[in-house]
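Inspection log for the structure reproduced underneath, given as C-alpha cells.
Every number for a ligand or one of its atoms is a count from 1 in the order of the listing.
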Amino acid sequence: MQSENIYILAIESSCDDTACAVLHNNVVLSNVVATQKIHEQYGGVVPELASRAHQQSIVPVVDSALKQANIYKEQLSAIAFTSGPGLMGSLLVGVSFAKSLAMALDIPLIDVNHMQGHLLAHFIKDKDNPIPTFPFLGLTISGGHTQIVKVTDYFKMEVIGETIDDAIGEAFDKSAKTLGLPYPGGPLIDKYAKLGNPKAFPFTKPKVADLNFSFSGFKTAVLYFIQKQTKENPDFIKENLNDICASIQYTLVEIILAKLKKAVIQTGIKTIAVGGGVSANSGIRKMLQSTEKRFGWKVHIPKFEYTTDNAGMIGITGYYKYLNQDFSDLSITANSRAKI
Ligand code: KG4
Ligand code: ZN
C-alpha cells in the first residue's frame with residue numbers, strides 16, 4: 001500500500017459549522033469553516049436552519065478548501081466525512097455530498113465518528129504541539145459534548161464518563177442567557193470572569209456518580225439565584241457581572257477538575273488530551289496547565305482551530321482509517337446517535 005502520498009478531503013457538517021479540509025498524510029493543507037451566524041438571533045442552534053445553511057455553504061466551502069490546498073480533486077485519494085453523532089439533517093448534507101464526490105471521482109469513502117475526530121485531532125502534525133503518547137485520557141468539552149474517554153490506540157477508545165443531561169458548553173451558554181448575554185455566551189462569561197472574584201457567589205456542585213457529569217441542575221441554580229437577587233435589587237446583574245461570571249466559571253472548572261482527578265486515579269493514566277470549543281476557556285486552560293506542576297500530569301491542548309468543530313480532525317481520522325484500508329460502502333448513512 002502506498003502510504004506516503006495520501007490526499008484526503010474531509011467534510012464536517014454535524015452541527016452549525018460547514019467545514020472542509022484537505023490533508024496530505026497527517027499535514028493539514030487547508031481547513032475552511034463557515035460558521036452559521038443565523039442561530040445567534042435564536043439563542044441556540046435551530047436544526048432546520050442549520051441543514052439549509054449547510055446546503056448553501058457546502059459547495060463554496062469545499063471549493064475553497066481545494067483552492068487553498070492547491071490541489072485538484074483528481075489528486076485526492078479518498079473522501080472522509082462525519083457520519084455522526086450530530087443533527088440528522090445537518091449530517092445528511094455532508095453524507096450525501098461526500099458520497100457523490102467519492103462516486104464521481106471513483107475513490108474510497110471513509111465515514112468518521114465526530115467524537116473520535118475530536119480525540120485524533122491531536123495527531124495533526126503541528127510543530128508547536130507534540131502528539132500525545134498512548135494511553136491517554138481524552139476530555140471532550142463543547143456545546144454538544146462532555147466526555148472522558150480512555151484512548152489506548154487510534155481506534156481503541158472507551159467512554160468512561162459523560163454528561164447525563166446538558167453539555168458543559170450549554171451550562172456556559174444558558175447561564176450567560178440568564179445574565180442577558182448574547183449566544184454563544186461562553187466566551188463572554190470567560191471575558192468578564194477575568195475581572196471578577198471566583199469565590200463571590202458559591203454555587204453548589206452537582207453530585208453525580210462515577211465519572212459522569214450533570215449540568216442541568218447547575219443551570220437551574222444559576223437561574224434561581226439570579227431571579228432571587230434581581231427581585232431584591234433590579235441592578236444586581238449590572239453591579240456584579242464580573243463576580244457572577246467568575247463564580248460560574250470557577251464552579252464549572254472545579255467540576256471538570258474533580259472528575260479528571262477521579263479518572264486519573266481510576267485508570268492510572270496521567271496524560272490528558274483536551275478537545276472541543278470549551279477548551280478555549282481561560283479558566284479551564286489555567287487549571288489544566290497547573291496540573292502539570294501540581295500532579296505531574298501531561299496535558300495536550302491543540303491549536304484553537306482544531307479544538308472547535310472542524311474538518312481537519314475528520315481528515316486526520318480518515319487518514320488513519322485509510323492506512324487500515326477501513327473504507328465505507330455507498331450504503332452508509334448518517335447516524336445521529338453514533339457512539340465511539
Ligand atoms: O466545539 P464547539 O465550537 O461546537 C460544539 O458545540 O460542538 O463549541 C462551542 C461551545 C459553545 O458552547 C461556546 O460557548 C463554548 O464552546 N466556548 C466557550 C469559550 N469559547 C467557546 N466556553 C467558555 N469559554 C470560552 N472561552
Ligand atoms: Zn464537536
Side-chain angles (χ1 to χ4, degrees), residues 10-19 31 33-37 39-40 42-47 50 82-87 90-91 94 112-122 138-147 149 159 162-163 166-179 181-196 198 215 218-219 222 245-253 255-256 274-288 301-314 316-317 336-338 340:
I11 292 167
E12 152 64 36
S13 70
S14 64
C15 189
D16 60 340
D17 294 302
T18 316
N31 188 35
V33 183
T35 300
Q36 304 175 357
K37 295 276 171 214
H39 308 288
E40 281 172 13
Y42 298 96
V45 178
V46 184
T82 306
S83 55
L87 302 171
S90 294
L91 289 166
V112 172
N113 178 295
H114 180 88
M115 301 310 295
Q116 289 193 338
H118 271 303
L119 296 167
L120 295 183
H122 293 271
L139 172 72
T140 314
I141 43 177
S142 76
H145 353 279
T146 308
Q147 283 190 334
V149 185
V159 178
E162 64 187 329
T163 183
D166 289 352
I168 185 171
E170 289 177 283
F172 271 105
D173 295 340
K174 289 176 180 174
S175 303
K177 196 173 177 185
T178 300
L179 300 176
L181 300 172
Y183 174 86
L188 292 169
I189 295 215
D190 193 3
K191 180 178 151 194
Y192 296 120
K194 286 185 184 130
L195 308 167
F215 293 104
F218 173 81
K219 164 196 74 185
V222 171
C245 289
S247 303
I248 289 171
Q249 183 162 305
Y250 173 77
T251 312
L252 293 172
V253 169
I255 293 170
I256 295 289
V274 190
V278 179
S279 57
N281 182 268
S282 63
I284 295 216
R285 282 179 174 246
K286 219 184 268 169
M287 173 277 281
L288 287 168
I301 308 177
K303 259 200 193 117
F304 183 66
E305 62 254 47
Y306 301 137
T307 63
T308 55
D309 285 352
N310 68 89
M313 69 185 200
I314 303 305
I316 190 77
T317 310
S336 64
R337 292 175 181 273
I340 274 183

Atom 15 (C) of ligand 1: nearest protein contact (heavy atom, Å): Val278 CG2, 3.8 Å
Proximal heteroatom of Asp309 relative to the Zn ion (ligand 2) (N/O/S): OD1
4.5 Å side-chain heavy-atom contact, Tyr306 and Ile316: no
Check: Ala50 main-chain N/O paired with Gln36 side-chain donor or acceptor under 3.5 Å: yes
Atom 1 (O) of ligand 1: the protein heavy-atom neighbour that sits closest, reported with distance to 0.1 Å: Gly277 N, 2.9 Å
Asp309, any N or O under 3.5 Å of ligand 1 N or O: yes
Interfacing atoms of ligand 1 (cut-off 4.0 Å, heavy-atom, Gly169): 12 (O)
Member of Asp17, Asp309, Thr308 meeting the side chain to side chain donor-acceptor pair (under 3.5 Å) criterion with Thr35: Asp17
Identity and separation of the nearest protein heavy atom to atom 22 (N) of ligand 1: Gly186 CA, 3.5 Å
Side chain to side chain, Ile255 and Phe215, heavy atoms closer than 4.5 Å: yes
Test item: Glu40 and Pro182 side chains (from C-beta on) under 4.5 Å apart, heavy atoms: no
N or O contact, His114 vs ligand 1, cut-off under 3.5 Å: no
Nearest heavy-atom neighbours spanning His122 and Gly275: NE2-N, 4.5 Å
Within-cut-off N or O pair, Thr308 and ligand 1, under 3.5 Å: no
Ligand 1 atoms in contact with Pro184 (distance to a heavy atom under 4.0 Å): 14 (O)
Minimum-distance protein heavy atom relative to atom 26 (N) of ligand 1: Asp190 OD2, 2.9 Å
Heavy atom of the protein closest to atom 14 (O) of ligand 1 (residue, atom name, distance): Asp173 OD1, 2.6 Å
Candidates Ile301, Val274, Val149, Val278 - the one meeting side-chain contact (heavy atoms from CB on, under 4.5 Å) with Leu139: Val274
Side-chain touch Asn113/Pro85, heavy atoms, less than 4.5 angstrom: yes
4.0 Å heavy-atom contact, Pro187 with ligand 1: yes
Ligand 1 atoms in contact with Ala280 (distance to a heavy atom under 4.0 Å): 20 (N), 26 (N)
Contact flag His145/the Zn ion (ligand 2), N/O/S atoms, threshold under 2.8 Å: yes
Check: Leu179 and Ile248 side chains under 4.5 Å, non-hydrogen atoms: yes
N/O separation below 3.5 Å, Asn281 to ligand 1: yes
Heavy-atom donor-acceptor pair, Asp190 side chain to Ser282 backbone, under 3.5 Å: yes
Sub-3.5 Å N/O-N/O distance, Gly143 and ligand 1: yes
Interfacing atoms of ligand 1 (cut-off 4.0 Å, heavy-atom, Gly144): 6 (O)
Thr140 and Gln147 side chains, donor-acceptor separation under 3.5 Å: no
